[in-house]
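Below is one structure, written out as structure tokens, with a few remarks after it.
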Amino acid sequence: MVKLNENGLFVVFTGAPGCGKGTQARILKEKTHICHLSTGEMLREYAAKDTPLGRELKAALDRGEFATDEMIIEMVKNRISQDDCKRGFILDGFPRTMPQAEILESMLAEKNIKLNCVLEIQVPDEIIMERILGRYSCMKCGAGYHDKFQKPKIYGVCDECGGTEFSRRKDDNRATVQNRLVNYRLLTYPTIPFFESRGLLKTVDGTGTIEAVSKKIDSILGIE
Ligand code: AMP
């Protein structure tokens, strides 16, 4: 585990769907033991529940639509107030809209937390589609794989936990990805110049291997 300075490490990973935010956030969490907060994963947990909210959310996610700002902000507010976030967190998939970015700024100011940086992982659209359509994960431990770029060492067996059942995200299909890319450009992209104006933005080329991108991120964050 790397040693963090006394101020901890508070980062936002942003970028288009499929840019590698989740993968890189999981790697950084392994190294630093700070919290990985994925709003997408939190929403998928809600959507798996057979409740009116769960069903409504599931339908929206399956179409590639965003959850409401109110719901997301409430979720994040609760989560970052918990003790395990005191040393730091990686926000993955939040903020995704301008209102979310503005609320995050005031939420953190209230808690006296200074973001270290907002890291944008840049990947061209043609690569994104190939990455998303080929990805799947272990149903037991969540480890991520790809049909072409990251196969398990033994066919059908998870490298991490030996699990043999895998699943694909319902929103990882061509039509939904196209919708998610449109939403990214319209709603999320405006947060990039916002964070740049705050002096927080760093960008990383996300087209290399997982290990190569992770190395670049470590050097931006000052991690050995
Ligand atoms: P992700 O796992 O980050 O790809 O998120 C999956 C889906 O959850 C997205 O396509 C959105 O529909 C929804 N979602 C995740 N984070 C947010 C957010 N911050 N605001 C609104 N919707 C979100």
Side-chain angles (χ1 to χ4, degrees), residues 10-29 35-49 53-80 85 89-108 115 118-123 125 127-139 142-146 167-192 194-195 206 210:
F10 299 88
V11 290
V12 170
F13 279 4
T14 191
C19 70
K21 297 185 291 291
T23 304
Q24 295 299 336
R26 275 186 286 277
I27 294 175
L28 184 60
K29 180 200 160 143
C35 287
H36 170 202
L37 307 180
S38 158
T39 45
E41 269 168 28
M42 294 180 204
L43 289 172
R44 282 189 286 282
E45 272 172 33
Y46 273 105
K49 295 192 176 125
L53 174 65
R55 285 190 290 272
E56 193 186 316
L57 204 51
K58 184 176 181 309
L61 298 193
D62 287 354
R63 288 192 297 264
E65 286 164 15
F66 283 4
T68 64
D69 285 336
E70 291 71 24
M71 177 181 186
I72 294 283
I73 287 162
E74 194 55 33
M75 252 170 37
V76 173
K77 216 180 230 174
N78 286 334
R79 190 61 191 85
I80 65 173
C85 288
F89 52 67
I90 311 150
L91 283 171
D92 158 16
F94 177 90
R96 243 183 172 97
T97 63
M98 272 311 291
Q100 291 178 19
E102 280 159 357
I103 297 263
L104 175 68
E105 186 171 58
S106 55
M107 216 158 37
L108 295 183
L115 274 184
V118 174
L119 192 90
E120 183 200 5
I121 306 180
Q122 296 177 327
V123 176
D125 283 6
I127 296 183
I128 279 173
M129 196 53 95
E130 192 183 20
R131 276 191 183 179
I132 294 186
L133 296 183
R135 72 184 179 183
Y136 61 97
S137 61
C138 170
M139 285 175 79
Y145 295 97
H146 192 280
S167 66
R168 289 178 197 263
R169 277 170 50 176
K170 190 106 195 288
D171 58 346
D172 281 353
N173 63 76
R174 194 171 289 277
T176 303
V177 174
Q178 259 148 7
N179 210 11
R180 285 158 64 198
L181 284 170
V182 169
N183 280 335
Y184 174 74
R185 267 182 229 110
L186 279 178
L187 302 170
T188 310
Y189 192 76
T191 64
I192 302 278
F194 170 83
F195 286 119
I210 293 173

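In each ligand, atom 1 is the first atom listed, and ligand 1 is the first ligand listed. One-based numbering along the sequence shown. Remember, predicted model here, so these are calculated numbers, not experimental data.
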Within the structure, does Gly64 bring an N/O atom to less than 3.5 angstrom of an N/O atom in ligand 1? no
Between Arg79 and Glu41, is there a salt bridge with N-O shorter than 4.0 Å? no
Where the side chain of His36 meets the backbone of Leu28, is there a donor-acceptor pair that is under 3.5 Å apart? no
Of the protein's non-hydrogen atoms, which lies at the shortest distance from atom 12 (O) of ligand 1, and what is that distance? Glu65 O, 2.6 Å
How far is atom 10 (O) of ligand 1 from the closest protein heavy atom, and which atom is that? Arg180 NE, 3.7 Å
Under the 3.5 angstrom rule, does the side chain of Ser137 hit a backbone N or O of Gly144 as a donor-acceptor pair? no
Ala67, any N or O under 3.5 Å of ligand 1 N or O: yes
Do ligand 1 and Ser38 have nitrogen or oxygen atoms that lie under 3.5 Å from each other? no
Subset of ligand 1 atoms that lie under 4.0 Å from at least one heavy atom of Leu61: 8 (O), 12 (O), 13 (C)
Of the protein's non-hydrogen atoms, which lies at the shortest distance from atom 14 (N) of ligand 1, and what is that distance? Leu43 CD1, 3.3 Å
Heavy-atom neighbours of Tyr46 OH exceed 12 at 6.0 Å: no
When distances are taken from atom 20 (N) of ligand 1, the protein heavy atom at minimum range is Gln100 NE2, 3.0 Å
Residues, nucleotides or ligands: over 12 heavy atoms within 6.0 Å of Gln122 CD: yes
For Lys77 and Met107, indicate whether the former's side chain and the latter's backbone hold a donor-acceptor pair under 3.5 Å. no
Nearest heavy-atom neighbours spanning Ala16 and Leu181: CB-CD2, 4.2 Å
Which heavy atom of the protein is the closest neighbour of atom 2 (O) of ligand 1, given with residue, atom name and distance? Arg44 NH1, 2.9 Å
Quick one: nearest non-hydrogen protein atom to atom 15 (C) of ligand 1, plus distance? Arg96 NH1, 3.1 Å
I'd like the name of whichever of Thr39, Asn179, Val76 reaches closest to atom 16 (N) of ligand 1 through any heavy atom. Thr39
Give the intermediate values and the outcome of side-chain contact (heavy atoms from CB on, under 4.5 Å) for residues Asn183 and Arg180. CA-CA 5 Å; Asn183 280 335; Arg180 285 158 64 198; 5.6 Å; no
Identify the closest protein heavy atom to atom 4 (O) of ligand 1: which residue and atom is it, and at what distance? Arg169 NH2, 2.9 Å
